[in-house]
Amino acid sequence: MEHLIDGDFASNNGGWGWASSTGCDPQPLFKIFNPLLQSEKFDPEGDYIRQWVPELKHVKGEAIHAPFERLGRKEWAEIEALGYPKPIVKHSEAKGRALEMYKKGLGKDKP
């Protein structure tokens, strides 16, 4: 906690505990956040991203939230040259796998 720039017990315990379904109300089957939707909802203009991810500071419009999905190949090359990595997880696929694992772990995968 002492190494976090935003470390706050109540916030971290309630916020992260709730979001990770490890708190007092765990409900793992519906708390799988979509990072793209969260980004678009809470940083619609991309200000936070531009401030903290310098490789993307010149990306215009909503492409800021998913540059490799929303920009052309020429722009990809420019961003990659600056050191910004391509995505390694496809959220829709990972969400499906996570839900299957949750169901299996809870014994809800049987008819």
Legend entry - Residue of the set K103, R97, K104 for which side chain to side chain contact (heavy atoms under 4.5 Å, CB included) holds with E100: K103
Legend entry - I64 and its side chain to side chain contact (heavy atoms under 4.5 Å, CB included) partner, picked from D43, I49, D47: I49
Legend entry - Reported CG-to-NE2 distance for the pair L36 and H65, which is rounded to 0.5 angstrom: 7.5 Å
Inset, instruction - Nearest 0.5 Å please: distance from the CG atom of L82 over to the NE2 atom of H58. - result: 8.0 Å
Legend entry - Working for salt bridge (Lys or Arg N to Asp or Glu O under 4.0 Å), residues R70 and E40: CA-CA 13 Å; R70 298 177 177 173; E40 291 173 332; 2.5 Å; yes
Legend entry - Side-chain touch P67/E75, heavy atoms, less than 4.5 angstrom: no
Inset, instruction - Could you state whether W76 and V59 fall into the same hydrophobic cluster, counting links through intermediate Ile, Leu, Val, Met, Phe, Trp or Tyr residues with side-chain heavy atoms under 4.5 angstrom apart? - result: yes
Legend entry - Over all atoms of both residues, closest heavy-atom pair of I79 and E55: CG1-O, 4.4 Å
Legend entry - Neighbour count >12 (heavy atoms, 6.0 Å) for atom CD, E62: no
Inset, instruction - If the plane angle is over 60° it's perpendicular, under 30° parallel, otherwise tilted; pick one for F68 and Y84. - result: parallel
